[in-house]
Amino acid sequence: MLDQVFFHNSVRDWLTAVGVALGVFVVLWIARSILSHVLSRKISESDTEERGLLLALTKRIHLLFLMVMALYAGSRVLSFPETTSGYVDRIILVIILLQAALVGSRAIRFVIERYKRQKLETNPSAVAMTGSIGFLLTFLLWVIFVLLVLDNFGIHVTTLIAGLGIGGIAVALAVQRLLGDLIASFTIVFDKPFVIGDFIIVGDFLGTVEHIGLKTTRIRSLSGEQLIFPNGDLLQSRVRNFKRMQERRVVFTIGVLYQTTPEQLREIPGIIRTAIESQQPVRFDRAHFKEYGPYSLNFEIVYWIQNPDYTVYMDIQQAINLYLYEQFQERGIQFAYPTQTLFVEGSSSPQTGNSQAGSPL
């Protein structure tokens, strides 16, 4: 009975092969379980990223791969025709390469995520680069896997690559917009007109850069919604990057009534200078009686804030405005407001009215 032959092997050989396959599978499964358990316990005791990578790679080993390796070990006990044995060896190699590609892609993702966490605070531009680099490395890994599989089955890879090169031209013409956005993403990554966390203005839109992808860049606007720009369109726009601002130049004007005396006019630039220099961090530039306006005597003021934050600017400007209002009230200087003066025929004095209030003139 045990010596009866089926498919070039006796029943005894088949039973031996099954026993070897079961034994190898059990050993491999137990080894994977023990390794996962040990690594999990070590990570809970001292969280190290190296052990985390090993644990992730261990869990990436599929049970199907263990079964195939066990069957292959069992098949070595049997004898098959040379043609059949060659096909079995090729299939086993493909499965090994597939498992290696899965483990390799998981390792790439783990390394990219770790690098992103480490550089998020210190180098946001490097974080923007990691997504593109991770995609390229994973893509290259799977291309190598496919080429090795094709070469394993006797397909001439060089001829195939030449044919794909010709077909790639046609594909590139069909997806040129997508390729344009892809190339633009690398331009953004390497040229760094902005990085994640920068506050930018693109046309009429403004917000903080959240993500720089292969095709689009995502910006969180001040009102909360997410704005999505194709990378190609973004590079063709005029981008204003406020995060790169070192100092903020502020220009504003105030106007006083024409009834203001010359002594008061000479006093106003000094009041303005005191108001600005009392703030920090501020650098006063100038304050001048600039022009005779339609209904006011106008002063132009320029100063620098050595902090790019917009909230800091508004707080300082508010403090300056309040100081000027208080000082002008103490000195009897009145801010101008829109007025019109009419000269009525037969009257010896002009009549003045407030055009904003709508009072009769």
Side-chain angles (χ1 to χ4, degrees), residues 198-208 220-224 238-361:
D198 283 3
F199 185 86
I200 64 174
I201 296 180
V202 184
D204 297 331
F205 303 98
L206 66 161
T208 303
R220 183 68 60 181
S221 72
L222 292 178
S223 53
R238 300 293 183 268
V239 179
R240 300 171 62 189
N241 192 336
F242 282 85
K243 188 67 175 292
R244 308 282 174 87
M245 181 188 297
Q246 301 299 320
E247 291 183 321
R248 181 184 293 271
R249 184 174 184 265
V250 182
V251 180
F252 71 100
T253 60
I254 61 172
V256 296
L257 294 178
Y258 268 88
Q259 287 78 11
T260 306
T261 65
E263 291 75 15
Q264 290 174 325
L265 291 176
R266 294 188 184 93
E267 192 179 4
I268 288 174
I271 298 173
I272 295 173
R273 180 167 191 150
T274 302
I276 294 174
E277 291 181 342
S278 63
Q279 306 299 318
Q280 293 294 332
V282 170
R283 177 165 54 86
F284 176 79
D285 191 340
R286 61 182 177 83
H288 291 100
F289 177 17
K290 180 184 178 182
E291 62 185 358
Y292 296 92
Y295 52 83
S296 62
L297 303 174
N298 295 329
F299 288 79
E300 184 177 76
I301 303 99
V302 179
Y303 68 94
W304 295 83
I305 300 178
Q306 297 165 341
N307 188 320
D309 190 270
Y310 186 79
T311 304
V312 173
Y313 153 64
M314 288 303 298
D315 290 341
I316 292 174
Q317 187 62 47
Q318 175 180 258
I320 292 172
N321 291 338
L322 291 173
Y323 182 89
L324 292 179
Y325 192 87
E326 293 171 354
Q327 293 299 314
F328 279 22
Q329 275 200 333
E330 290 181 5
R331 290 168 171 77
I333 303 172
Q334 297 187 35
F335 288 99
Y337 50 88
T339 57
Q340 292 180 347
T341 301
L342 297 181
F343 291 90
V344 182
E345 186 176 354
S347 174
S348 59
S349 61
Q351 299 181 5
T352 302
N354 188 333
S355 61
Q356 285 187 329
S359 59
L361 303 178

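For clarity, every value in this text was computed on a predicted model and none was experimentally measured.
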Reported [atom1]-to-[atom2] distance for the pair [X] and [Y], which is rounded to 0.5 angstrom:
| X | Y | atom1 | atom2 | answer |
| --- | --- | --- | --- | --- |
| Ile200 | Arg244 | CD1 | CZ | 10.0 Å |
| Thr208 | Asp198 | OG1 | CG | 8.5 Å |
| Ile254 | Ile333 | CD1 | CD1 | 8.5 Å |
| Tyr323 | Ile276 | OH | CD1 | 11.0 Å |
| Gln334 | Thr260 | CD | OG1 | 7.5 Å |
| Glu247 | Ile305 | CD | CD1 | 10.0 Å |

(request) Report the C-alpha separation of Gln306 and Val282 in whole Å, then their side-chain angles, then the decisive distance to 0.1 Å, and conclude whether the side chain to side chain contact (heavy atoms under 4.5 Å, CB included) test is met. (result) CA-CA 6 Å; Gln306 297 165 341; Val282 170; over 6 Å; no
Please enumerate all residues that pass side-chain hydrogen bond (donor to acceptor under 3.5 Å, both in side chains) together with [X], with sequence neighbours excluded.
| X | answer |
| --- | --- |
| Arg220 | Glu210 |
| Arg273 | Glu277 |
| Asn307 | none |
| Ser221 | Ser223, Glu225 |

Contacts table for residues 287-295: side-chain donor-acceptor under 3.5 angstrom, sequence neighbours left out:
residue, atom, partner, partner atom, Å
Lys290, NZ, Glu300, OE2, 3.2
Glu291, OE2, Asn298, ND2, 3.2

(request) Scan residues 326-336 for pairs that pass salt bridge (charged side-chain N to carboxylate O under 4.0 Å, His left out), counting only residues two or more places apart or in two chains. (result)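 Matches after skipping sequence neighbours: Glu267-Arg331.
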(request) Can you run down the salt bridge (charged side-chain N to carboxylate O under 4.0 Å, His left out) pairs that involve residues 257-266, sequence neighbours left out, and say none if there aren't any? (result)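 Pairs touching residues 257-266 that pass the test: none.
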(request) Quick one: list whatever passes side-chain contact (heavy atoms from CB on, under 4.5 Å) with Gln329, sequence neighbours left out. (result)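 Only Tyr325 meet the side-chain contact (heavy atoms from CB on, under 4.5 Å) criterion with Gln329.
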(message) Under the rule for side-chain contact (heavy atoms from CB on, under 4.5 Å), what residues qualify as partners of Val302, not counting sequence neighbours?
(response)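 In terms of side-chain contact (heavy atoms from CB on, under 4.5 Å), with neighbours along the sequence ignored, Val302 is linked to Arg249, Val251, Asp285, Arg286.
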Non-hydrogen atoms of [X] and [Y] that approach each other most closely:
| X | Y | value |
| --- | --- | --- |
| Asn241 | Lys243 | OD1-N, 3.0 Å |
| Arg248 | Pro308 | NH2-O, 2.8 Å |
| Leu257 | Ala336 | CD2-CA, 3.7 Å |
| Thr253 | Ile301 | CA-CD1, 4.4 Å |

(request) Determine whether Leu206 and Leu222 make a side-chain contact, defined as any pair of heavy atoms from C-beta on separated by less than 4.5 Å. (result)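 A side-chain contact exists here, since the closest heavy-atom pair is under 4.5 Å.
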(request) With the side chain counted from C-beta on, respond yes when Ile268 and Val256 share a heavy-atom pair under 4.5 Å apart, and no when they do not. (result)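 Sidechains of Val256 and Ile268: in contact.
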(request) Check step by step if side chain to side chain contact (heavy atoms under 4.5 Å, CB included) holds for Leu324 and Leu322. (result) CA-CA 6 Å; Leu324 292 179; Leu322 291 173; over 6 Å; no
(message) Please check if the number of heavy atoms outside Arg283 that lie under 6.0 Å from its CZ is greater than 12.
(response)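 It does: Arg283 CZ has more than 12 such atoms within range.
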Show me the donor-acceptor pairs within less than 3.5 Å that the side chains of residues 310-319 make with the rest of the protein, sequence neighbours left out.
residue, atom, partner, partner atom, Å
Gln317, OE1, Tyr303, OH, 2.6
Gln317, NE2, Asn321, OD1, 3.1

(message) Phe328: which residues meet the ring pair (Phe, Tyr, Trp, His ring centres under 6.0 Å) condition with it, sequence neighbours left out?
(response)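 Ring pair (Phe, Tyr, Trp, His ring centres under 6.0 Å) check on Phe328 returns Phe335.
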